[in-house]
Chemist: 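If you scroll down you'll find the structure; I have some questions about it.
All figures in this text were calculated on a predicted structure; none of them were measured in a lab. Letters A, B, ... are given to chains in the order of the sequence lines, protein chains preceding strands, and every chain is numbered from 1.
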Amino acid sequence: MHKNNFKRIKVSFVTFWSDNRITKDENNRDRLMTVEDYNDCVKNYADGLFRFMLKSTRQVEDARDLVQSSFEKLWIHRSEINALKSKSYLFTIAYHKMIDLNRKNSRLEFRETLPDKLETRTGQPRLKDVLEKALGRLNERQRSLVLLKDYEGYSYEEIAEITGLNNTQVKVTLHRARLQLKEWLVSVENVL
Amino acid sequence: MARECGKCTLKKEDMDINRNNCETYFLLYLDKELNNTEQVEVENFLKEHTDLQKEFSLLQLTKMWPGEIVFDQKELLYHKEEKRRVIPMYWTRIAAALVLFLAGTLFMISLLRSNQTDISGKKQSVVSVETKKDHLNPVTTEKSVQSDLNPNTEKIPVQAKINQTHIRETAINGNHNAQTTVTNSAMSSAPGAKQRPTADYVGQPIQSSPDDDLVTLAPKSNTNVELQARFTKSAVVAPGRLLDASKTPALAIALDNNNSGSDVGNGDMADIQTDNSISVIALNDRNKGITSFFKKLTQRRSGNETAENTKKLRVSVFQFSY
């Protein structure tokens, strides 16, 4: 518990330092969030955040609650947040809320309660289902990193800021998750 | 040799891709953590090693593709723009406010000044002195007071210098009803009391202490004064009394008998600066206006010292309220 709090503090510090560094370099972008920025965040990031939470928790209601509470916190602290860092801040809040919720409910096991209909862009619903199952076999950290990387396209550094890990930990964790997914796909090779 | 990755700050060995480390480069390639040069090197490596393309394809399949998942409660998250009403500060409004403020300030100042003048004006209005000269009485060196407090109306010699005079109480009740209890060693003495003057203030100049609250009256002649106070209780302050207005708020009557009314200046006091005038003064706690009035009254008597007959004065005392 204390370790987790320490990590959060570290993340906040890193985020704060990073924000300051960016704002010093780019004075034109040094502005705090406005109501319009917040509404833009809702418009642009609500779907992605909900998807991230849904894939992480596998519970629609939990995902909705997490999204709402995350945006609520973003709204409260909007006057302290750099507008350019709003997305990172939002996902950081949501990530830690999700961790707290999972630990609170002792939901360490991935629950197979995915929605029945999940549309995909790739047109490979069968592969999609297999990957969903494979994703369920990953641990919480690996799953979150994979989702942040693949769904949101964050870099290792950004993921490190969100999750409170360092870049090497992110890289190693992600690579191990990929290899596990690959092994899962190979084990069900008949699917492929 | 360690160096930093093209996009991220990861440190890794020089781009020396081979069969042992190709998997790491493949993952970095899929995660888009390589710069353009490194990406080209990986692609060239794959072209050279076709047997590793399947491995690369399997890793590529592990890439998750986001589905069309929509959060259907966005409307709950939106916040409306906070429209703050801006009240412009027009110069005309500011100027009008300043004018009103200054006008109010001047009005208050003028009101305060008028109050001060009213007090001095009331002195004249509330004090009414009627004098009657009795030239038939010979000039004596004693003063006598005839008061209603003394039913016998016996002339009592008054000390020119009163040793112990205390005005103990002041109570002004209602209009035209002044009640003051006076304990005067001279007046409170029973008829027939034989107290002789211990000093004579004839010719003594007027004394006025620097403090406004202290006024000294001095008689200018040796004439006798008969006082008929029409009120049952009144304070009679003999000449030469030392009044401390700060300590004895009272209604006081100052006796004088030697003002001819021909003094120059102090026109506002002319009506009561008659011969043998009696001033009726209401003293209040540290009221400079009253004391200054008292001073004026006393200062006018200088230089008009005439030996006149005993004068019989009738004093009307009105309430002095402020």
Chemist: Between Leu27(B) and chain A, which part of the residue has a heavy atom less than 4.5 Å away: side chain, backbone, both or neither?
Modeler: both
Chemist: Less than 4.5 Å to any heavy atom of chain B: does that hold for the side chain of Val42(A), its backbone, both, or neither?
Modeler: both
Chemist: Are Asp51(B) and Arg19(B) close enough for a salt bridge, meaning some N to O gap below 4.0 Å?
Modeler: yes
Chemist: For the residue pair Trp75(A) and His79(B), categorise the inter-ring angle as parallel (less than 30°), tilted (30 to 60°) or perpendicular (more than 60°).
Modeler: parallel
Chemist: Consider side-chain hydrogen bond (donor to acceptor under 3.5 Å, both in side chains). Of Glu43(B), Gln39(B), Glu38(B), which one does Tyr29(B) pass it with?
Modeler: Glu43(B)
Chemist: Does a side-chain N-to-carboxylate-O contact under 4.0 Å join Arg178(A) and Asp150(A)?
Modeler: yes
Chemist: Highest number of heavy-atom pairs under 4.5 Å with chain A: which of Asp31(B), Leu59(B), Leu30(B)?
Modeler: Asp31(B)
